[in-house]
Amino acid sequence: VADKAAHEATCPLAVCQRMLAPLRARVVALEAELRSQGAENEQLLSRLAALEAGEAGEGAAPSDAAVQEMDLAAAMSALRAHASVPRVAAAVGERLADLCA
């Protein structure tokens with residue numbers, strides 16, 4: 001037993017294994033965190049795609065044809081709900097110009 005302890009205390013392989021054990025545990029923890037962040041990133045990318053498509057909680061962005069049929073209140077509501085969608089903003093601008101002409 002004493003010989004084994006002496007060997008483990010001086011053997012380079014045994015010393016390295018003892019040094020690597022906490023590092024291996026840290027790598028496992030970091031890999032788990034990375035997987036968790038990857039799943040969160042996927043959710044955020046999905047949400048971003050929905051926002052860019054104009055589906056931000058208010059339903060899909062109205063078509064240009066639908067905007068051209070709206071009255072002033074509906075057009076303004078569409079603009080508020082989908083202000084981040086350039087196509088909707090342009091369509092509402094055209095509709096407001098038509099309504100004010």
Side-chain angles (χ1 to χ4, degrees):
V1 177
D3 288 338
K4 183 179 177 183
H7 173 72
E8 288 179 354
T10 59
C11 175
L13 182 58
V15 171
C16 287
Q17 286 178 342
R18 282 194 307 274
M19 291 172 50
L20 289 177
L23 296 174
R24 285 188 182 125
R26 181 69 177 134
V27 166
V28 169
L30 288 171
E31 286 173 340
E33 183 179 339
L34 180 61
R35 281 190 297 277
S36 171
Q37 288 176 346
E40 183 180 352
N41 285 349
E42 289 299 320
Q43 291 172 345
L44 291 171
L45 287 171
S46 174
R47 179 71 177 135
L48 176 61
L51 287 170
E52 288 175 342
E55 300 169 0
E58 300 289 330
S63 67
D64 292 353
V67 170
Q68 292 308 313
E69 299 298 319
M70 293 179 179
D71 64 9
L72 178 61
M76 292 307 297
S77 178
L79 181 59
R80 280 190 295 276
H82 304 286
S84 64
V85 181
R87 178 189 56 78
V88 173
V92 169
E94 290 173 14
R95 180 61 179 150
L96 292 177
D98 291 345
L99 289 171
C100 295

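Positions are given from 1 along the sequence. All of these numbers come straight from a predicted model, not from anything done at the bench.
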The side-chain contact (heavy atoms from CB on, under 4.5 Å) partner of Arg24 among Leu20, Val28, Val27 is Leu20
Nearest heavy-atom approach of Leu79 to Ala89 is CD1-CA, 3.8 Å
Gln68 side, atom CD; Leu99 side, atom CG - distance, nearest 0.5 Å = 8.5 Å
Among pairs that include at least one residue of residues 78-91, which meet salt bridge (Lys or Arg N to Asp or Glu O under 4.0 Å), considering only residues two or more places apart or in two chains?
-> Asp64-Arg87
Looking at CG of Leu44 and CZ of Arg47, how far apart are the two atoms once the value is rounded to the nearest 0.5 Å?
-> 10.0 Å
Nearest 0.5 Å, what's the CG-CD distance between Leu48 and Gln43?
-> 13.5 Å
Return the minimal non-hydrogen interatomic distance between Val88 and Ala61, and the atom names on each side.
-> CG2-CB, 3.6 Å
Is there a donor-acceptor pair under 3.5 Å between the side chain of Arg95 and the backbone N or O of Ala75?
-> no
What is the distance from atom CG of Leu34 to atom CG of Asn41, rounded to the nearest 0.5 Å?
-> 9.0 Å
Mind checking side-chain hydrogen bond (donor to acceptor under 3.5 Å, both in side chains) for Arg18 and listing every partner two or more places apart, or none if nothing turns up?
-> none
